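From a predicted model like this one, the values you see are computed outputs, not experimental measurements. Proteins come first, then strands; the chains are lettered A, B, ... in the order of their sequence lines, and each starts at number 1.
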2 protein chains.
Amino acid sequence: MSCNNILKAKGYRLTPQRRVILDILHHEDAHLTADALYEQVKDKVAGVDRSTVYRTLDLLESLGLVVKAEIHGAHVYHHSEEGHHHHLKCRACGKVVELPEEALEALEKSLLEKHGFAADLHHHVITGLCAECR
Amino acid sequence: MSCNNILKAKGYRLTPQRRVILDILHHEDAHLTADALYEQVKDKVAGVDRSTVYRTLDLLESLGLVVKAEIHGAHVYHHSEEGHHHHLKCRACGKVVELPEEALEALEKSLLEKHGFAADLHHHVITGLCAECR
DNA sequence: ATAGTTGCAAACGCTTTGCACTGGC
DNA sequence: GCCAGTGCAAAGCGTTTGCAACTAT
């Protein structure tokens, strides 16, 4: 089911602003900050307000359509359809490398077995130095 | 060498404010927010300002005497003498469980071998559900 | 003496809020 | 027509800054 239909099915309205925000999030691979998203929305919908972007992101996150993560104190948003994965962020060059979900499965399992802790390791960001910057 | 001496050795002054802040950080096991630290400092030094707490934390962090971490968008500070460790934070009850450094060593090693990525896994926070809240 | 350090007050950046108006359903 | 959703403006929060006064060395 498309995001649009999920919204409707839950009784939320499909406004032009939400349409555009969903559209951008789907065509954008990067992890957008609220501000970067606002800058793009602004070009397509005249007069949008930042608060609308924030409110929409909150809504989409609560519906599980968007994932919110944190990279160095900055909040980044990402649509959640493409399967879970993780990120390696280089603290020197800033490059972000994708990491498949399997990379953290062993850790997830051991935390559950040894500590009874069900970790949310679905969209994790790990900082460090990449191969080129070491 | 004590923190006090490290400060002096680098040409920084040992003011009453810094003395108190260092004292609290050493006698406090928890991870303090800047605000929580300020509240404690306030009781010992009349008229301290928040900016002094922030400036001192920045200084101590830059000297490596204090570690700054992030839990759900809140910055927490922690003195760095007690060896590296990690945290499991329960998203339901908020409880924070300590995790020994070894728990992430296997992951660190595999990231280095498979991706050439030297991860900063020294004070990591993992969110999830603890044993009681699952 | 003199640079490092402080308190004050003001500004900051990001995010949230209250409100009356608008527009999707 | 109803009520969810919007733009606007203002406030909120944690943090940073410029500056004149102070003080540890």
Requested in this report: In whole angstrom, give the distance that lies between atom CG of L14(B) and atom P of dT6(C).
Outcome: 10 Å

Requested in this report: Supply the atom-to-atom distance F117(A) CZ to L99(B) CG, rounded to the nearest 0.5 angstrom.
Outcome: 9.0 Å

Report task. Just do the side-chain contact (heavy atoms from CB on, under 4.5 Å) check on V48(B) and I21(B) with the steps written out, would you? Result -> CA-CA 11 Å; V48(B) 233; I21(B) 290 174; over 6 Å; no

**Report entry** Segment of DNA chain D, first to last nucleotide, that comes within the 4.0 Å heavy-atom reach of chain B
**Finding:** dG14(D) to dT25(D)

Query - side-chain N/O T52(B) vs dT6(C) OP1/OP2, d < 4.0 Å - result: no

Query raised in the report: In whole angstroms, how far is the P atom of dG24(C) from the CZ atom of R13(A)?
Result: 9 Å

Query raised in the report: Between NE2 of H75(A) and OG1 of T33(A), what distance do you get to the nearest 0.5 Å?
Result: 11.0 Å

Query raised in the report: Looking for any heavy atom pair under 4.0 Å, which part of the strands does S51(B) touch: base, sugar-phosphate only, or nothing?
Result: base

Requested in this report: May I have the step-by-step check of side-chain contact (heavy atoms from CB on, under 4.5 Å) for E39(B) and D35(B), ending in yes or no?
Outcome: CA-CA 6 Å; E39(B) 288 299 323; D35(B) 184 64; 4.2 Å; yes

Requested in this report: Let me know the distance between CG of D35(A) and C1' of dG13(C), rounded to the nearest Å.
Outcome: 10 Å

Requested in this report: Find out if a path of hydrophobic residues (ILVMFWY) with successive side-chain heavy-atom gaps under 4.5 Å connects L25(A) to Y54(A).
Outcome: no

Query raised in the report: Tell me, which of residues 36-48 of chain B have any heavy atom that sits under 4.0 Å from an atom in DNA chain C?
Result: G47(B), V48(B)

Report task. Please report, rounded to the nearest Å, how far the P atom of dG23(C) is from the CD atom of Q17(A). Result -> 10 Å

Query - Short side-chain N/O contact from H75(A) to OP1 or OP2 of dT15(C), under 4.0 Å - result: yes

Requested in this report: May I ask you to decide if Y38(B)'s main-chain N or O and R50(B)'s side chain share a donor-acceptor pair within less than 3.5 Å?
Outcome: no

**Report entry** Whole-Å gap separating C1' (dT17(C)) and CG (D49(A))
**Finding:** 12 Å

Report summary line: Atom OH of Y54(B) and atom C1' of dC8(C) are separated, to the nearest Å, by 16 Å

Requested in this report: Dump the intermediate steps for side-chain contact (heavy atoms from CB on, under 4.5 Å) on T56(A) and Q17(A), then the final yes or no.
Outcome: CA-CA 9 Å; T56(A) 302; Q17(A) 293 88 337; 5.5 Å; no

Query raised in the report: Quick one: R50(B) CZ to dT6(C) C1', roughly how many Å, whole number?
Result: 16 Å

Requested in this report: Tell whether R55(B) reaches the base of dG7(C) with its side chain through a donor-acceptor pair below 3.5 angstrom.
Outcome: yes

Requested in this report: Might you work through the side-chain contact (heavy atoms from CB on, under 4.5 Å) test for K8(B) and L14(B), ending with a clear yes or no?
Outcome: CA-CA 7 Å; K8(B) 287 198 171 187; L14(B) 196 50; 4.1 Å; yes

Requested in this report: Give the nucleotide from the list dG24(C), dC14(C), dG4(C) with an atom nearest to the side chain of P16(A).
Outcome: dG24(C)

Query - Transitive ILVMFWY side-chain link L65(B) to L59(B), under 4.5 Å - result: yes

